There are 2 protein chains.
Amino acid sequence: MANINDVAKLAGVSKSTVSHVFNNTKYTSEEVTQRVLEAAEKINYKSNYYAKTLATNKSQVIGIQLDSPTGSMNMFQQKVTNGILKVCSDEGYYLLLMPNTAKEKEYFPIDGLIQMNPTLTDLEIVDTPHIWLGRPNYFIIETSYFVDNDNEKVMERLMDLLLPNIKECVLFMNAPEDMTVSRDREQGFSKAIINNKEFDIQTLHVNYQRGLSPATFAYETLSELWKENNIDTIIVDNDFMAQGVYKFAMDNQLSIPEELSIIAVSESLESSEFFTPPLSYVDLKEEELGEKIAANLIKKINNQDISKREIVKSEIKIKGSLRE
Amino acid sequence: MANINDVAKLAGVSKSTVSHVFNNTKYTSEEVTQRVLEAAEKINYKSNYYAKTLATNKSQVIGIQLDSPTGSMNMFQQKVTNGILKVCSDEGYYLLLMPNTAKEKEYFPIDGLIQMNPTLTDLEIVDTPHIWLGRPNYFIIETSYFVDNDNEKVMERLMDLLLPNIKECVLFMNAPEDMTVSRDREQGFSKAIINNKEFDIQTLHVNYQRGLSPATFAYETLSELWKENNIDTIIVDNDFMAQGVYKFAMDNQLSIPEELSIIAVSESLESSEFFTPPLSYVDLKEEELGEKIAANLIKKINNQDISKREIVKSEIKIKGSLRE
DNA sequence: CTGTTAGCGCTTTCAG
DNA sequence: CTGAAAGCGCTAACAG
């Protein structure tokens with residue numbers, strides 16, 4: 001692989017001149033510029049990224065810190081990543097997927113970090129510009145930048161919509177307990193109940209337990225709670241869980257939405273239309289989340305001002321699964 | 001950020017000794033080792049990846065060359081990526097997503113490359129160990145390594161299964177024409193027909209045209225062809241298309257599978273169970289593809305022998321959408 | 001077994 | 001406007 005010296009020699013100039021014409025970092029005469037470019041072309045010179053990074057200490061890479069050690073991403077994360085990738089490639093940044101393996105003996109000087117999936121116990125990150133996807137916990141929220149959905153608000157709006165049509169009891173199957181997002185949603189859920197005391201209904205709230213598949217979890221939880229409660233409305237975390245609920249409805253010959261009204265708080269599988277009747281859901285605008293987060297991070301890397309919290313509004317999509 | 005000199009000074013040894021204890025590249029006395037480790041710990045030393053790479057010319061990064069300029073991945077690719085990521089993190093490799101933007105002024109010395117989605121017009125890649133996901137075209141196949149499904153074979157097996165129950169006419173809605181995979185599938189499809197002349201049926205074959213959503217494409221194509229042919233069996237490229245077919249069936253009050261038998265050649269949305277009746281499909285074992293490809297690439301990087309072509313067997317999953 | 005030293009390829013000050 | 005040279009942090013002979 002040809003290097004900068006080869007080009008310099010061939011063009012009959014010095015290393016630094018070559019560097020300058022390649023980086024537009026100083027004026028070089030038209031003639032010299034041409035000579036250098038031609039020489040480079042001739043021997044197919046490409047600047048060595050690693051040497052450059054070592055010298056400049058700017059890597060042009062953004063890392064995504066994944067929350068799983070194997071590096072698997074769930075559908076939500078994959079969609080967000082697509083959004084991130086879009087602006088990264090526009091802005092000339094590389095995207096590095098970083099599984100959460102504990103070792104870290106090496107210092108990989110990425111320019112910025114995107115931290116997936118905040119939990120209640122995350123610690124502050126230092127020495128790298130970073131942005132959270134979702135709300136960080138209260139220990140670090142003051143000092144953290146993040147991009148998030150309007151989780152609490154959308155739950156309130158959703159409940160305002162649902163409440164008039166709940167007959168007796170609503171069940172909320174929320175995300176896992178340790179995720180900040182599930183807290184925010186629960187908050188919105190509770191607020192709406194309190195603010196609408198005129199509707200005298202019963203509420204049930206459970207968190208998804210990792211281990212069972214979401215569909216199975218939903219099915220089993222519902223079977224259990226069904227016996228002792230007159231559940232007629234169900235909010236689930238995602239369409240995967242909804243699958244379990246639909247199956248329960250079918251097994252027990254319950255009609256949706258007449259006897260069981262259901263909505264999912266995210267459509268990670270993009271499966272709404274596969275359900276009969278089509279599943280109502282909340283569109284989290286994952287790509288937009290990704291684009292916003294990447295755009296902000298890049299600004300931050302370049303020391304431009306950005307707001308600490310950026311909210312992407314989610315949108316309630318009403319389909320046939322909701323009782324009128 | 002502390003560097004190797006700081007550690008050396010603090011521990012009272014030389015740079016190279018520090019380097020050696022960190023890389024296990026030469027024996028160092030127990031005592032010295034300890035001193036170095038402690039010193040490193042104390043000042044929070046992490047070896048600088050870029051300097052190391054520049055010196056060794058081994059980056060420990062594997063690139064995924066994406067086929068879209070925006071860098072978006074479809075579901076199939078995302079699932080394969082999960083498999084890749086798994087072995088990468090096991091083996092200490094980073095994974096870099098490389099959108100297909102034409103610039104490339106820089107030479108980013110990745111150790112190896114995974115090339116997604118071969119088409120009929122791809123050119124040879126030089127100077128980087130690489131493996132294709134899927135069969136490369138015939139211009140380059142002789143010199144290329146790849147991991148692929150048994151596309152042709154599985155189509156033959158599928159047709160053997162289907163043929164006895166086709167009444168008059170089968171429609172195959174294949175992947176886009178420029179992809180090698182669609183050629184292989186068509187090959188298998190035709191072979192099965194020829195080898196089973198005793199079944200006197202009519203066949204229709206169309207390639208998906210990018211632009212329309214797969215579901216819409218399927219719906220419209222079917223509407224068109226339906227008028228003039230007595231189609232009773234349909235093979236579609238994926239479950240997204242199947243959605244269009246199910247909708248067509250519903251709109252025209254055709255019962256599945258009695259009047260219309262249907263199977264998808266991939267279940268990219270993992271949506272089989274969302275259909276009523278559940279959609280039959282071919283399981284492409286995406287994660288396994290990803291794991292195999294990464295494992296092979298890493299071996300290749302280390303100059304170990306690997307076979308040029310590795311096949312992952314796909315599996316036909318029969319559900320209620322197929323007439324018996 | 002440990003230390004010296006010459007690179008890896010590029011950027012960037014500083015003289016000219 | 002151009003070039004010489006120091007340095008980015010680390011590795012790997014090689015000498016001791």
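Here the structure is a predicted model, which means the values were calculated and not measured. Just so it is clear, the values below take in all heavy atoms, side chains as well, and ignore hydrogens, waters and symmetry mates. First the proteins, then the strands, lettered A, B, ... as listed; each starts at 1.
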*Intermediate values then yes/no, side chain to side chain donor-acceptor pair (under 3.5 Å), A/Thr119 and A/Asn137*: CA-CA 6 Å; A/Thr119 70; A/Asn137 64 53; 5.5 Å; no

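- Rounded to whole Å, atom P of D/dT11 lies 12 Å from atom CD of B/Gln60.
- Separating the CE atom in A/Met73 from the NZ atom in A/Lys79 is a distance of 13.0 Å, to the nearest 0.5 Å.
- Judged purely by distance below 3.5 Å, without hydrogens or angles, the side chains of A/Asn151 and A/Asp184 never pair a donor atom with an acceptor atom.
- As a whole-Å value, the separation of A/Glu30 CD from D/dC1 P is 12 Å.
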*For nucleotides 4-16 of chain C, read 5' to 3', which letter fits each nucleotide if B means a protein heavy atom sits under 4.0 Å from the base, S means only the sugar-phosphate is that close, and - means neither?*
B--BBBBBBBB--

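- Looking only at atom types and distance, the side chain of A/Thr28 has a donor-acceptor partner in the side chain of A/Thr33 under 3.5 Å away.
- Between the side chains of A/Ser19 and A/Ser16, no donor N or O sits under 3.5 Å from an acceptor N or O.
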